[in-house]
Structures are given as structure tokens and as C-alpha cells.
A.B. asks: 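Sharing a structure below in C-alpha cells format, with a few things to ask.
First listed ligand is number 1; within each ligand, the first listed atom is number 1. Note: hydrogens, waters and symmetry copies are ignored here, and every other heavy atom, side chains too, is used. This chain uses plain numbering: 1 for the first residue, then up along the sequence.
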Amino acid sequence: MSNIGSYEQRIKNFDWSLSEKELDYKAGDVLNIGWHCTDRICRQGKADKLALIWEGRGGKEKRYTFNDIRLATNTIGAFLRGQGIKPNERVCLFLDKVPELYLGFLGILKIGAVVQPLFSAFGDESLHVRLENAETAAVITQKKHVSKVRKIRDKLPHLRHIVVVDADPAAPLQERETAFSLEKAAPVEHLDIHPTSAETPSVLHYTSGTTGMPKGVQHVHYSLISQYLTARWVLDLRDDDIYWCTADPGWVTGTSYGIIGAWATGTTQCVLDLGFMTEAWYKFIEKHRVTVWYSAPTAIRSLMKTGEEVVKKYDLSSLRHLVSVGEPLNAEAVIWSEKVYGLPFHDSYWQTETGSIMISNYPGMKIKPGSMGRPFPGITAAVLDPNSFAPLDEPGKVGLIGLRPGWPSMMRTYWKNEETYRQKFQNGWYLTGDRARLDKDGYFWFVGRDDDVINTGGHLVSPFEVESALLEHPAVAESAVVSKPDDINMEVVKAFVALKPGHPPGADSELEIMNFIRKKLSPLAMPQEIEFVESLPKTRSGKIMRRLLHAREWGEEIGDTSSLEND
Ligand code: 6R9
């Protein structure tokens, strides 16, 4: 029996106080995510339970119990406090997926400071924009990344400390730099946790940059109430699970569920400090007996590309629940995973701004492949008319996904950008900027970003639909569909396609694939042009940067590309 039990029962009379009770929280209490994920779990008699199994390059492994992470987060917190970091100041984590990233995150929260996690692969310019905007007081980094910070530190008057977690005793540190070694520091048994409350700022996440300039999304400690319960009911985390969230904490999935959701529920989680590699991933699941796996469509598509044969080389029988987030999960991928792993991927939909899962497929609930599922209990989601912002009554109509504000993990503002924040609300709804349709059973079907839908001769074509169809073609490994200008139809469909090995690009392939789509969807949805590429531009969280391809087609400015994978 899953944690959520019956979805229908759960949505009746749902109240967030249910989650508050499970976390022993009452309005007005001190609420600190750092404490909840460590000290509280130890007090529940799980001090010796494994919290983190970490694997680095070359198979190097480290293990931490809940007591170990309680001590480590105390130690980091005390160190930062000793450096003069004050509550509410921003501390940036600019680290690979090393243990200090996960432990630093909670240590910063324990002293009431605000965590600003950034992808370690960011270049100095991307880093500069975000540190300047957040007026960040300290950056915690590794020696391999410190040169990027050195390059920009003179332009950052607020940056007082650059902390290097693996400083080389032989290489001298420079101005504002301090060495801190978690392994060598004396463990701090007792730390005065800063008495943060529900509305105290906690995490400042810069959005993935799929649209426009990066914005700092401000979350508060009360987000825990949503993150905890969604981890229990969507990820279905239980006491004996070995959980693997493949997301980097530079992305909200890696913090809400790769740190907070995992540890607030007292779950053992593993981390692999390595990019995507099919066989290394399967080996990791086999070795650690992973039971719950939270990943993203881009990874799933890559696994599909490597095929079924390789799956047979590994014992993946420990897996019991698979969940996906970040991009549309194509029906094809759900069917494929059911076939090869014996388990379907469950789609989940949310955003940096929402802080936790909003719409999802729940364990035990019927999956309609290609659908995102239904709203989490306590979440009111609707498909809105794009002009009146009133819910569309008729099922099947495409509109904007709106969410009724008021759930615990909703962003509180965009950092220093209240105006843009306010513009996200209309007629009492928070506008996600995504489009979907609702079916008669209350399932949401993603159509595209509000700015992605292709209007060809008055017919709306979803790039997602075309991409899904393209994936069903045996030669197609990956695709991105954008609009391109057209004299008669205003816009037509253009596809960028990466082919599987052994399938040569060329006019024949192009015609073949066009016909395939024409037959499968409609002549309108058929790409008028297919451009074959080696790979597609992606954000660090794996989203295809359609915006970039779109801008190229329309001869527009490309805008901020700081979160591009290959910049
Ligand atoms: C968690 C996260 C949010 C945007 C969102 C939407 C897209 C996320 C999706 C999905 C289709 C899903 N998105 N999950 N689209 N199906 N299951 O991804 O946050 O990086 O802020 O991105 O990603 O467009 O609006 P974030």
C-alpha cells in the first residue's frame, strides 16, 4: 500500500495541518529546515541510520549517518557564524555534487542565512550576474572552481568570504579566501539553531533561464510543509527506501527533493557526483539497491537511446517506484520504462516558483501515458482562458495552467523584483506560464510553454506533440520543435533532430520523417523543415532550449544563455 493510499480520499477535506502535525509544527513555532532534516530525525531514534551514500568519480565512496549529518551541518554553521555571516545574508554554494554541497545547504539554514545554490559548471559571467543580484556575502566552493570567483570578486563589493572546502596547503590562498575542511574541523556537538520561523527566507534559487533573464525565486522555511508531504505521497518515500534523485542542487529538484524531501522524511539517499552515463547509472542502481528513482525526461530519453539490451546486463530488481520531472514526459517513455524496467515513470509537474510538486501521477492511481496527472491534494489547479483568466469549463480546451495561491512552498517574491512577481497573478490565480488541457477525468495534459505554442494558419500545434511523435520514429534519438516564419501560415513547424547511430541524415531521411508525422498527426503539424544536428542545446537541468532555436529561426536576440549546458 502506498503512502498516499487513495487519492480520492486524500483530496477530500485535505488540510496542510496534516503535514504540520506529522512534523510536530504549530503556527508560531520555530521552524528550521536544517534542524528538521538532521536533529529531528536523530531524536526519532534514527541517529545511526544512513542518511547519505555518496559516490564520486572513480568509485570513491563516503557514508554519513543522520548523526554524522547533524554534526557536519552544525560544524559548517558554526564556522560560517564565526566568519561573521549574519542571519538573512546570502551564502552561495558553488560546488560539484560533493558532500559539502548537501551538508553546507543545511548548515547555512541552521544559522538563519539564505542559501543560494548555483551550478558549479556556470562560467564566471553567469556567476557574476547572480552573485551581484543577490548581494551574496560568501561563496563556498572548491579549488577547481575558485579561479572563476577570483575573476569577478573585484566587481562584487558585498562578497566578503570565499570559502574553499578542499584548499591545497601548498597553494597560497588569496584575498578574502579561507580554507575549511569538513574532515579536519572539530565536530560541533551543540549549535544554537537560529530561531527561524515559517516566513523566514530560506533558499534563493535562480530560475533555469528557459525564459528571459534569471530571476531569484525566494522561498521560506515553511516550504518544508509542502516538500515533506509531497516526498511522502508522490515519491512515496518510506523508512527502508534507498532513494536516488539524479538532479543537481543547482536546480530546484535537487534541493526540494534531493535534500529537503529526502532527509525531512528520514530517508537514506544516494548521490552520484557524475554526469549522465547509461552504464554508470545502471551500475549505481544495482550496487546501492536503489528503490525510488527521481529523474528527468532528458535522462530517460538518453536511456531509451542506449536501448534495452544493456538493461539486461544489470540487476535493477531493487527499483520499486520511478518519478520524472522537468519536461514533458512523452507517452513513449512511460510505455518504454514499463516494458524494460517493469515500472512506469510517474510524471510530476512543478516549477522553481512553486517549490514543490503541483500536479502528478500518484502511486496506485491509473496512469494515462503522456498526461502529467492530477493536482496534489490541497492544490487547486485549473486551465484558464488566456484572456479572462477564468477557468475553462469544457474539457479538452487548451488554456493557461493557473494555481490558486496559498500552498506552503509557494515563492514569496522574486528577489528585488516585486513587480515581475506581481505580474504573475491574475484574477486570483498564479500563472505558471504553461499551457495545458484538462480531460474529463481531471487529468492535465501539457501542451507547451505559453511562449512555445505554434500557431500555424490558426491551428495550434504543440511542439511537445510533434516531438513525442518524432520520438516514435525508429531513427530519431532526440528532437526539438519550434516555429519558423512563413508568409502564408504565419508560422510553420520546424524540427531539429538528432538521429540514432547508424541512421544517416539526408534528404531521404528528412522526407521519411516528415511523412511519418504527417500521417501520425496531421499535415499541419508536419515539420516543413528538418534540420539534422549532432545534439540539442540544453539547460543544465536538461531542458531543451527551444528559445534559443526559436530565436535563431526568427532572427532575434538570443538573450541570456547562462544556463546552457555547453556554454
Ligand atoms: C521543477 C522544475 C519549470 C518548467 C515548467 C514547465 C516545465 C516541469 C514538467 C514540465 C511538462 C512536466 N516542466 N515539469 N513540463 N511536464 N512534468 O522543472 O522547475 O526548472 O523552474 O522549470 O519546466 O514548463 O513551467 P523549473
A.B. asks: Identify the residue among K215, E418, H219 that makes a side-chain hydrogen bond (donor to acceptor under 3.5 Å, both in side chains) with T413.
C.D. replies: E418
A.B. asks: Between W233 and Y362, does the ring-ring contact (aromatic ring centres under 6.0 Å, His included) criterion hold? Intermediate values first, please.
C.D. replies: CA-CA 7 Å; W233 288 3; Y362 306 91; 8.6 Å; no
A.B. asks: Could you grab the distance from atom CE of M410 to atom CE of M358, nearest 0.5 Å is fine?
C.D. replies: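 If I round to the nearest 0.5 Å, the distance is 8.5 Å.
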A.B. asks: May I ask you to list the atoms of ligand 1 that are less than 4.0 angstrom from any heavy atom of S348?
C.D. replies: 12 (C), 14 (N), 17 (N)
A.B. asks: Can you sort out which atoms of ligand 1 are near M372, meaning under 4.0 Å from one of its heavy atoms?
C.D. replies: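 Matching atoms, with element in brackets: 16 (N).
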A.B. asks: Taking only non-hydrogen atoms of P328, do any sit less than 4.0 angstrom from ligand 1?
C.D. replies: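 Yes; P328 lies near enough to ligand 1 that a heavy-atom distance drops under 4.0 Å.
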A.B. asks: Looking only at distances, can you tell me whether any N or O atom of D347, backbone or side chain, sits closer than 3.5 Å to an N or O atom of ligand 1?
C.D. replies: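 Among all N and O atoms of D347, at least one is under 3.5 Å from an N or O of ligand 1.
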A.B. asks: Any side-chain heavy atom of E353 within less than 4.5 Å of one from Y414?
C.D. replies: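 Yes; the side chains approach each other to less than 4.5 Å.
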A.B. asks: Check each of H346, K543, E327 against atom 18 (O) of ligand 1 and report the one with the nearest heavy atom.
C.D. replies: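 Considering heavy atoms of H346, K543, E327, the nearest to atom 18 (O) of ligand 1 sits in K543.
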A.B. asks: Nearest to atom 21 (O) of ligand 1 by heavy atom, V323, V252, T352, T253: which?
C.D. replies: T352
A.B. asks: Provide the number and element of each atom of ligand 1 under 4.0 Å from a heavy atom of W251.
C.D. replies: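 Near W251, meaning under 4.0 Å from one of its heavy atoms, ligand 1 has 2 (C), 18 (O), 19 (O), 20 (O), 26 (P).
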A.B. asks: For G433 and ligand 1, answer yes if some heavy atom of the residue is under 4.0 Å from a ligand atom, otherwise no.
C.D. replies: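 No; G433 lies far enough from ligand 1 that no heavy-atom distance drops under 4.0 Å.
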A.B. asks: Run the side-chain hydrogen bond (donor to acceptor under 3.5 Å, both in side chains) test against T196 and tell me which residues pass, sequence neighbours left out.
C.D. replies: N32
A.B. asks: If the condition is salt bridge (charged side-chain N to carboxylate O under 4.0 Å, His left out), which residues does R320 pass it with, not counting sequence neighbours?
C.D. replies: D236, D241
A.B. asks: Would you call V481 and L470 a side-chain contact if the rule is heavy atoms closer than 4.5 Å?
C.D. replies: yes
A.B. asks: Who's closest to atom 2 (C) of ligand 1 heavy-atom-wise, of F446, W350, Y206?
C.D. replies: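 Nearest option to atom 2 (C) of ligand 1, by heavy atoms: W350.
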